[in-house]
Asker: 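Sharing a structure here in structure tokens format.
Remember, predicted model here, so these are calculated numbers, not experimental data. Heavy atoms only: backbone and side chains are in, while hydrogens, waters and symmetry mates are out.
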Amino acid sequence: MTIRKKNLIILAVLHIALLIVGCQGNETHEQHITEVDSILTAIRKSGDFDRLLTVVDSLEDAGKLNDVKANCQRGYAYYQQKQDRLAEMYYRHAMKGNIHQDSTTYVAYLKGMGNFTRLLVIKGDFEESIKVSSQLLNSNENDPKANPMNYMTRCNMLSNIAICYANLKRPEEADKLFHQAYQEVEKEVGHDDMAEYYLYGVANDARIVFKNQDYWNEAEAWSVLEEESIKRWETSVDGRENPAEVDAAYCGLYASRMEMLQRDGKAAEAAATYKKYLATRYANTLSGKLERIIYLQGIGHHDEAADLCRYIDTLLVKSDKRITMEIIRGYLKVKYRVLRACRHNNEALSAADQICDAFDSAFIWQKHDATAELATVYETQEKERTIAEQQMSLSQQRWIGTLVGVGLLIIFFVVYSVLRRRAARRLAEMKAAKERIESELRIARDIQMSMVPQVFPDCEGIDLYASMTPAREVGGDLYDYLLLSDHLYFCVGDVSGKGVPASLFMAQATRLFRALAKQRMMPADIANRLNAELSENNDSGMFVTMFIGLIDLHSGQLFFCNAGHNPPVLGEDVSRGSFLQMEANAPLGLWPDLEYVGESIDNITNRPLFIYTDGLNEAENPAREQFGDDRLLDILQHTDYANARQVIDTMQTCVEEFRQGADPNDDLTMMCLRVGQ
């Protein structure tokens with residue numbers, strides 16, 4: 001039997017069950033919806049989220065499920081499948097519905113918003129998460145239509161706000177809210193079998209977020225409360241029914257304790273905690289062994305950690321698991337460091353090769369998954385638009401049908417009204433199409449901006465900042481940097497043309513630069529390889545100008561290759577500077593057999609380097625006057641250097657003042673850096 005036939009049979013049985021429930025005369029509407037909710041809960045527990053989506057669509061079409069609950073169920077399904085864009089879209093749809101249709105709708109809405117606020121935390125949108133959580137708490141207290149929020153939902157909302165405050169570096173407010181949530185749950189102990197589990201959940205959230213944000217005192221205090229709550233949970237009804245979950249909770253607590261004790265120099269206590277950790281069943285799972293590797297590496301037991309790495313390698317080979325970015329970051333990098341520490345150089349080299357080989361495929365799969373999710377978003381939005389248009393068309397046809405028997409004068413006005421509505425609908429469709437295109441371009445812009453670094457080095461001796469402002473929704477400028485031990489690679493580039501073609505060419509150039517820089521090649525060699533790759537099958541004749549640099553952070557020596565790019569400005573000290581005199585090289589991507597010439601400067605320590613694209617010096621005001629090289633150099637020479645960001649912000653302000661409101665005629669990218677001892 002095919003999967004499609006099985007789904008049809010399941011839906012048929014489901015509809016028969018619902019009809020039987022609906023025909024029982026003494027049952028209320030609230031009981032009917034509760035039956036539907038219980039069916040959906042069973043599907044959710046099974047973990048078959050594709051089936052959940054199918055059943056929700058069917059129930060909504062049959063009028064058995066209202067829009068708020070349907071959208072909350074869809075948001076939950078996509079949330080569990082880690083399709084965050086779709087989950088967010090449906091949770092926002094649920095927020096627009098009538099949440100007070102009945103009590104179960106409001107309860108479903110609160111649960112959905114709990115997941116939505118956590119999704120916003122994962123996304124890093126802490127301010128929006130606090131806003132939504134606070135609105136839910138306040139509206140429940142002040143809205144007379146709302147049913148009282150149960151303690152579990154209120155606890156989740158308070159903990160969520162606390163997590164956001166901790167990430168926003170406001171530990172006192174976070175600690176206060178965690179304690180408030182803990183106290184509210186503690187009141188329910190003895191009244192609800194799940195209360196002890198929720199006590200553990202609050203303490204666990206607090207300990208993890210404070211440890212991750214390096215608030216060690218708070219983390220240690222909450223670890224004590226967490227251990228007490230686990231012991232209470234272990235003896236409760238729920239704890240006795242879920243011993244494996246209790247075991248995993250102890251394991252997580254012990255792993256954190258080991259790290260905190262080791263950090264405080266209490267090696268003996270850390271070792272004693274490690275013995276407790278080994279006594280748990282979870283310690284022998286794949287995740288548990290990885291925690292053991294991290295601890296053993298930290299205390300210098302590298303050979304024992306290496307043996308565990310070999311065991312995990314065997315499991316990965318047997319499972320034939322796809323190597324993801326998470327596995328590279330969470331395991332392969334740890335494995336490489338362990339083998340290096342053991343001086344198992346051949347195995348360490350093999351691990352490094354494994355990381356390099358896995359990175360490209362993992363990167364491609366990650367982009368593929370993101371693209372597939374975007375395609376589903378577009379398909380869903382198009383489906384909803386089509387349904388809305390069909391409903392509008394049916395409504396108009398019914399309205400016109402009621403006027404068929406009216407006199408000629410009324411018919412005249414009806415025709416006139418129909419024509420006006422058709423014109424308005426065509427205008428609305430054109431507007432919707434335009435908005436859809438603009439939305440897709442905004443998404444493309446977000447994807448492009450995510451390809452260039454938004455976080456810059458925060459370490460002594462390196463001051464680097466860059467910005468990129470496309471003239472359209474997407475552009476062809478690029479910048480990148482890569483910090484490899486004591487070497488800093490960086491580049492700034494400008495693709496010919498603008499818009500989507502330039503952005504695609506920019507993405508290819510950026511990816512190639514990072515891959516070649518990781519091989520620790522010199523700038524001229526990187527330019528040769530980039531030129532060869534970009535020239536291949538380049539029928540459109542696109543090219544990119546690029547300044548590629550490498551700084552030895554110990555000696556301050558700058559190696560660079562300029563491929564047809566604007567000359568950077570190198571300061572003599574923190575204020576004076578001049579354009580860099582360089583070898584003339586052709587842009588990349590035009591002629592495949594060129595040999596690029598590299599150059600070097602012995603020491604640029606404490607000398608600011610400012611690199612830019614021609615969107616700066618060729619910026620125009622309404623009179624079509626250009627910003628110019630002289631103005632650019634004059635501003636840099638009369639700007640007291642405080643830091644790299646201040647230089648770029650100053651230049652950005654000067655360009656905007658010069659434009660006097662005129663639209664930018666080209667993409668604008670700037671990078672400023674200075675290395676010091």
Asker: Would you say the side-chain atoms of Asn242 and Asp238 include a donor-acceptor pair closer than 3.5 Å?
Answerer: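 Asp238 and Asn242 do have a side-chain donor-acceptor pair below 3.5 Å.
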Asker: Can you name the side chain to side chain donor-acceptor pair (under 3.5 Å) partners of Lys96, sequence neighbours left out?
Answerer: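 Counting only residues at least two positions away or on another chain, Lys96 forms no side chain to side chain donor-acceptor pair (under 3.5 Å).
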Asker: For Met506 and Val452, what are the C-alpha separation, side-chain angles and deciding distance, and is it a side chain to side chain contact (heavy atoms under 4.5 Å, CB included)?
Answerer: CA-CA 10 Å; Met506 165 266 188; Val452 298; 3.7 Å; yes
Asker: Can you list everything that forms a side chain to side chain donor-acceptor pair (under 3.5 Å) with Gln81? Sequence neighbours excluded, please.
Answerer: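 Asp50.
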Asker: Ion pair present between Glu88 and Arg92, side-chain N to carboxylate O less than 4.0 angstrom?
Answerer: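 The answer is yes: the pair qualifies as a salt bridge.
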Asker: Answer yes when Asp84 and Lys123 have at least one side-chain N-carboxylate O distance shorter than 4.0 Å, and no when they do not.
Answerer: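 Salt bridge between Asp84 and Lys123, a charged N being under 4.0 Å from a carboxylate O: no.
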Asker: Taking 4.0 angstrom as the limit, do Arg74 and Glu60 come out as a salt bridge?
Answerer: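 Judged by the 4.0 Å cut-off on N to carboxylate O distance, Arg74 and Glu60 do form a salt bridge.
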Asker: Applying ring-ring contact (aromatic ring centres under 6.0 Å, His included), name anything that partners Phe116, two or more places apart in sequence or on another chain.
Answerer: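 Counting only residues at least two positions away or on another chain, Phe116 forms a ring-ring contact (aromatic ring centres under 6.0 Å, His included) with Tyr91.
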Asker: Under 30°, 30 to 60°, or over 60°: which ring-plane class applies to Tyr197 and Tyr200, parallel, tilted or perpendicular?
Answerer: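 Tilted.
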Asker: For the residue pair Ser236 and Asp193, confirm or rule out a side-chain donor-acceptor distance under 3.5 Å.
Answerer: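 The answer is no; no qualifying pair exists.
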Asker: Can you see which heavy atom on Tyr76 is nearest to which on Leu52, and at what distance?
Answerer: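 Heavy atoms only, the tightest pair is CD2-CD2, 4.4 Å.
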Asker: Would you tell me whether Tyr90 and Gln73 have side-chain atoms, one donor and one acceptor, within less than 3.5 Å of each other?
Answerer: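 No - no donor-acceptor pair under 3.5 Å links their side chains.
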Asker: Check Gln213 against Ala166 and note the closest heavy-atom contact, atom names and distance.
Answerer: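 Result for this residue pair: CG-O, 3.7 Å.
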Asker: Heavy atoms only: give me the nearest Leu65-Ala70 pair and the separation to one decimal.
Answerer: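 Closest approach of Leu65 to Ala70: CD2-CA, 3.8 Å.
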Asker: May I have the step-by-step check of side chain to side chain donor-acceptor pair (under 3.5 Å) for Glu227 and Tyr250, ending in yes or no?
Answerer: CA-CA 8 Å; Glu227 184 170 23; Tyr250 273 121; over 6 Å; no
Asker: Give me the atom names and distance for the closest heavy-atom approach of Ala174 to Ala162.
Answerer: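 Closest heavy-atom pair between Ala174 and Ala162: CB-O, 3.3 Å.
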Asker: Is it true that atom NZ of Lys169 has more than 12 heavy atoms of other residues, nucleotides or ligands lying nearer than 6.0 Å?
Answerer: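 Enclosed: over 12 neighbouring heavy atoms sit under 6.0 Å from NZ of Lys169.
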Asker: List the atom of Ala219, the atom of Phe210, and the distance in Å for their closest heavy-atom pair.
Answerer: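 For Ala219 versus Phe210, the nearest heavy atoms are N-CB, 3.9 Å.
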Asker: Atom OG of Ser223 and atom CD of Glu218: how far apart are they, to the nearest 0.5 Å?
Answerer: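 It comes to 11.5 Å.
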Asker: So, taking the atom named CE in Met113 and the one named CD in Gln135, what distance separates them when rounded to the nearest 0.5 Å?
Answerer: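 One gets 11.0 Å once the value is rounded to the nearest 0.5 Å.
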Asker: Looking at every heavy atom in both Tyr109 and Ala94, which two are closest together, and how far apart are they?
Answerer: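 Scanning both residues completely, I find the closest heavy atoms to be CE1-O, 4.0 Å.
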Asker: Side chains of Ile208 and Ser256: does their closest heavy-atom pair fall under 4.5 Å?
Answerer: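 They are not in contact (no side-chain heavy atoms under 4.5 Å apart), so the answer is no.
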Asker: Assess the residue pair Asp480 and Thr510 against the criterion (side chain to side chain donor-acceptor pair (under 3.5 Å)); give the C-alpha distance rounded to whole Å, side-chain angles, the decisive distance to 0.1 Å, and a yes or no.
Answerer: CA-CA 7 Å; Asp480 204 351; Thr510 303; 5.7 Å; no
Asker: I need the Leu53 CG to Ser58 OG distance, nearest 0.5 Å.
Answerer: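 With rounding to 0.5 Å, CG (Leu53) is 12.5 Å from OG (Ser58).
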Asker: Show your working on side chain to side chain contact (heavy atoms under 4.5 Å, CB included) between Asn71 and Met95 and close with a plain yes or no.
Answerer: CA-CA 9 Å; Asn71 285 323; Met95 293 172 71; over 6 Å; no
Asker: Look up atom CD1 in Ile130 and atom CG in Asn160, then write down how far apart they are to the nearest 0.5 Å.
Answerer: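 If we round to the nearest 0.5 Å, Ile130:CD1 and Asn160:CG are 8.5 Å apart.
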Asker: Does Asp175 form a side chain to side chain donor-acceptor pair (under 3.5 Å) with Trp222? I'd like the steps, not just the answer.
Answerer: CA-CA 9 Å; Asp175 189 64; Trp222 276 103; 2.8 Å; yes
Asker: Can you tell me how far apart NZ (Lys231) and CD (Glu196) are? Round to the nearest 0.5 Å.
Answerer: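 Answer for the NZ-CD pair, Lys231 versus Glu196, is 15.5 Å.
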Asker: Arg232: what forms a side chain to side chain donor-acceptor pair (under 3.5 Å) with it, not counting sequence neighbours?
Answerer: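 Side chain to side chain donor-acceptor pair (under 3.5 Å) list for Arg232, sorted by chain: Glu186.
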Asker: Does any N or O in the side chain of Ser229 come within less than 3.5 Å of the main-chain N or O of Glu226, such that one atom is a donor and the other an acceptor?
Answerer: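 Looks like yes, one N/O pair under 3.5 Å.
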Asker: Under 4.0 Å between a Lys/Arg side-chain N and an Asp/Glu carboxylate O for Lys187 and Asp192?
Answerer: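 Judged by the 4.0 Å cut-off on N to carboxylate O distance, Lys187 and Asp192 do not form a salt bridge.
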Asker: Check the pair Trp233, Glu245 against side chain to side chain contact (heavy atoms under 4.5 Å, CB included), reporting the backbone distance first and the verdict last.
Answerer: CA-CA 10 Å; Trp233 176 31; Glu245 293 183 19; 3.9 Å; yes
Asker: Between Ile161, Ile163, Leu225, Leu158, which is the residue that forms a side chain to side chain contact (heavy atoms under 4.5 Å, CB included) with Phe178?
Answerer: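 Only one option passes, and that is Ile163.
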Asker: With sequence neighbours left out, write down each residue that passes side chain to side chain donor-acceptor pair (under 3.5 Å) with Glu184, or none if nothing qualifies.
Answerer: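 Glu184: side chain to side chain donor-acceptor pair (under 3.5 Å) contacts with Arg154.
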Asker: Quick one: does NZ or CZ of Arg44 land under 6.0 Å from the six-membered ring centre of Phe49, within 45 degrees of the ring axis?
Answerer: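 Cation-pi check for Arg44 and Phe49: fails.
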Asker: Donor-acceptor check, side chain of Asp247 to backbone of Pro243, threshold 3.5 angstrom: yes or no?
Answerer: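 Not a single qualifying donor-acceptor pair exists.
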Asker: One pair to check against side chain to side chain contact (heavy atoms under 4.5 Å, CB included): Tyr215 and Val209. What are the steps and the verdict?
Answerer: CA-CA 9 Å; Tyr215 298 124; Val209 73; over 6 Å; no
Asker: Would you call Ser159 and Arg118 a side-chain contact if the rule is heavy atoms closer than 4.5 Å?
Answerer: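 A side-chain contact exists here, since the closest heavy-atom pair is under 4.5 Å.
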Asker: With a 4.5 Å heavy-atom cut-off, do Leu59 and Leu40 have their side chains touching?
Answerer: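 Sidechains of Leu40 and Leu59: in contact.
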Asker: What's the separation between atom CZ in Arg170 and atom OH in Tyr165, rounded to the nearest 0.5 Å?
Answerer: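 So the CZ of Arg170 and the OH of Tyr165 are separated by 4.5 Å.
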Asker: Go through the structure and list residues passing ring-ring contact (aromatic ring centres under 6.0 Å, His included) with Phe126, not counting sequence neighbours.
Answerer: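 Applying ring-ring contact (aromatic ring centres under 6.0 Å, His included) to Phe126 gives none.
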